Novice: 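Below you will find the structure I want to go over with you.
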Amino acid sequence: MEKKYRITVDYTLYDPEGNVIDTTEGRGPFTFVTGEGQVIPGFEREVASMEEGEEKTFTLQPSEAYGERDESLVQTLPREQFAGIELHEGQVLQGTTPEGHKFLVRVVSFDDQSVTIDQNHPLAGVPLTFRVKVLKKEEV
């Protein structure tokens with residue numbers, strides 16, 4: 001059985017243009033357990049190979065992060081399916097499958113007849129750069 005670790009990090013996540021997408025700065029450190037699917041695969045692999053106190057910057061390709069964009073996940077639906085919802089572009093809505101599973105969609109555009117939604121993760125297709133410092137690493 002592979003060893004599992006509880007790892008606590010400070011990190012900053014950058015988009016390809018160098019803009020900060022997310023950071024622990026001002027929020028406090030982030031903790032996860034390896035092997036539990038709590039973080040994207042590439043992040044777990046890179047951080048799990050680090051030692052306590054180590055700092056590293058690495059870039060993940062979409063296949064190691066949120067995947068490639070899938071244009072089949074962009075759909076145009078009848079406006080009636082969104083009756084009673086005040087829409088705006090970029091808005092994130094939660095849906096439920098017939099089986100009861102919840103999912104998120106982003107409103108791309110809409111008019112009186114239709115609404116175009118995107119089920120891709122907002123960072124799908126985007127290479128991501130992380131600057132990480134491992135604060136604590138302990139076997140669990």
Side-chain angles (χ1 to χ4, degrees):
M1 190 163 105
E2 189 147 337
K3 289 182 183 179
K4 287 189 175 187
Y5 294 93
R6 178 177 296 109
I7 303 175
T8 301
V9 299
D10 274 331
Y11 73 87
T12 301
L13 169 60
Y14 302 91
D15 68 13
E17 289 76 42
N19 300 306
V20 174
I21 297 174
D22 191 19
T23 183
T24 56
E25 192 173 311
R27 289 199 323 243
F30 172 71
T31 301
F32 70 97
V33 176
T34 60
E36 306 231 330
Q38 297 173 342
V39 296
I40 56 177
F43 183 86
E44 180 172 313
R45 183 191 70 247
E46 291 290 333
V47 174
S49 71
M50 297 170 66
E51 297 301 322
E52 201 168 290
E54 186 178 350
E55 293 183 58
K56 178 162 80 170
T57 298
F58 55 89
T59 299
L60 301 178
Q61 294 309 307
S63 62
E64 303 172 294
Y66 293 99
E68 298 294 342
R69 278 192 56 76
D70 180 350
E71 291 308 317
S72 73
L73 295 177
V74 178
Q75 299 175 295
T76 300
L77 303 171
R79 180 69 169 95
E80 301 86 60
Q81 290 188 16
F82 299 85
I85 300 173
E86 189 176 323
L87 297 175
H88 61 272
E89 287 184 14
Q91 177 179 11
V92 176
L93 301 172
Q94 181 175 289
T96 306
T97 66
E99 298 80 31
H101 299 256
K102 298 198 181 312
F103 62 94
L104 299 177
V105 299
R106 186 175 46 81
V107 176
V108 176
S109 63
F110 63 94
D111 58 27
D112 292 340
Q113 281 73 46
S114 63
V115 178
T116 301
I117 59 168
D118 185 349
Q119 295 179 62
N120 283 289
H121 187 282
L123 296 175
V126 179
L128 303 174
T129 299
F130 289 87
R131 188 183 77 233
V132 177
K133 179 175 183 178
V134 175
L135 303 175
K136 190 171 188 181
K137 182 177 182 179
E138 56 191 348
E139 195 172 335
V140 291

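Atom set for the values below is all heavy atoms of this structure, side chains included, hydrogens, waters and symmetry mates excluded. Everything numeric in this text was worked out from a predicted model, so none of it was measured.
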Novice: Go through the steps to decide whether Val20 and Arg131 satisfy the test side chain to side chain contact (heavy atoms under 4.5 Å, CB included), and finish with yes or no.
Specialist: CA-CA 11 Å; Val20 174; Arg131 188 183 77 233; over 6 Å; no
Novice: Supply the members, apart from Val92, of the Ile/Leu/Val/Met/Phe/Trp/Tyr cluster built from side-chain contacts under 4.5 Å; use none for a lone residue.
Specialist: Leu104
Novice: Show me the pairs that pass salt bridge (Lys or Arg N to Asp or Glu O under 4.0 Å) and involve residues 17-38, at least two apart or across chains.
Specialist: Lys4-Glu36, Asp22-Arg27
Novice: For residues 93-117, which residue pairs pass the salt bridge (Lys or Arg N to Asp or Glu O under 4.0 Å) check, not counting sequence neighbours?
Specialist: Arg106-Asp118
Novice: Test of understanding: with salt bridge (Lys or Arg N to Asp or Glu O under 4.0 Å), list the residues that count as partners of Glu51, not counting sequence neighbours.
Specialist: none
Novice: Roughly how far apart are Asn120 CG and Glu68 CD, rounded to 0.5 Å?
Specialist: 10.0 Å
Novice: For Tyr5, what residues pass the side-chain hydrogen bond (donor to acceptor under 3.5 Å, both in side chains) criterion, not counting sequence neighbours?
Specialist: none
Novice: Do the non-hydrogen side-chain atoms of Glu64 and Glu46 ever get within less than 4.5 Å of each other?
Specialist: no
Novice: Which heavy atom of Ala48 sits nearest a heavy atom of Thr34, and at what distance?
Specialist: CB-CG2, 4.1 Å
Novice: Can you list the other members of the hydrophobic cluster that holds Leu93, where links are side-chain heavy atoms under 4.5 angstrom apart?
Specialist: Leu77, Phe82, Ile85, Leu87, Phe103, Val105, Val107, Phe110, Val115, Ile117
Novice: Please list, chain by chain and in numerical order, all residues satisfying side chain to side chain contact (heavy atoms under 4.5 Å, CB included) with Glu138, sequence neighbours excluded.
Specialist: Arg6, Lys136
Novice: Answer whether the closest heavy-atom distance between the side chains of Val47 and Val39 falls below 4.5 Å.
Specialist: no
Novice: Any side-chain heavy-atom pair from Val74 and Arg69 closer than 4.5 angstrom?
Specialist: yes
Novice: Name all residues meeting the side chain to side chain contact (heavy atoms under 4.5 Å, CB included) criterion together with Leu135; count only those two or more places apart in sequence or in a different chain, and write none if there are none.
Specialist: Thr8, Asp10, Pro29, Lys133
Novice: Give, for atom NE2 of His121 and atom CG of Leu73, the distance between the pair rounded to the nearest 0.5 Å.
Specialist: 13.0 Å
Novice: To check you understand the geometry: which heavy-atom pair defines the closest contact between Ala65 and Pro41, and what is its length?
Specialist: O-CD, 4.2 Å
Novice: Any chance you could lay out the side chain to side chain contact (heavy atoms under 4.5 Å, CB included) test for Thr24 and Val9, step after step, and finish with the verdict?
Specialist: CA-CA 8 Å; Thr24 56; Val9 299; 5.6 Å; no
Novice: Of all residues at least two apart in sequence or in a different chain, which pass the ring-ring contact (aromatic ring centres under 6.0 Å, His included) check with Phe43?
Specialist: Phe32, Phe130
Novice: Starting from Val140, walk the hydrophobic network (Ile, Leu, Val, Met, Phe, Trp, Tyr; side-chain heavy atoms closer than 4.5 Å) and list everyone else you reach, by chain and number.
Specialist: Val33
Novice: Compare every heavy atom of Pro127 with every heavy atom of Thr59, then report the nearest pair and how far apart it is.
Specialist: CG2-CB, 4.3 Å
Novice: Would you find a donor on one side and an acceptor on the other, under 3.5 Å apart, between the side chain of Gln81 and the backbone of Pro78?
Specialist: no
Novice: Mind checking the CD-OG spacing from Glu44 to Ser49? Nearest 0.5 Å is all I need.
Specialist: 11.0 Å
Novice: What do the steps show when you test Lys137 against Met50 for side chain to side chain contact (heavy atoms under 4.5 Å, CB included), and what is the final call?
Specialist: CA-CA 9 Å; Lys137 182 177 182 179; Met50 297 170 66; 5.8 Å; no
Novice: Got a second to check how far Leu123's CG is from Leu128's CG, nearest 0.5 Å?
Specialist: 5.5 Å
Novice: Would a hydrophobic clustering, with Ile, Leu, Val, Met, Phe, Trp and Tyr connected at side-chain separations under 4.5 Å, put Tyr66 with Tyr14?
Specialist: no
Novice: The criterion is side chain to side chain contact (heavy atoms under 4.5 Å, CB included); which residues satisfy it with Ser63, sequence neighbours excluded?
Specialist: Gln61
Novice: Return the CD to OG1 distance between Gln113 and Thr76, rounded to the nearest 0.5 Å.
Specialist: 12.5 Å
Novice: Test: salt bridge (Lys or Arg N to Asp or Glu O under 4.0 Å). Region: residues 73-90. Which pairs qualify, not counting sequence neighbours?
Specialist: none
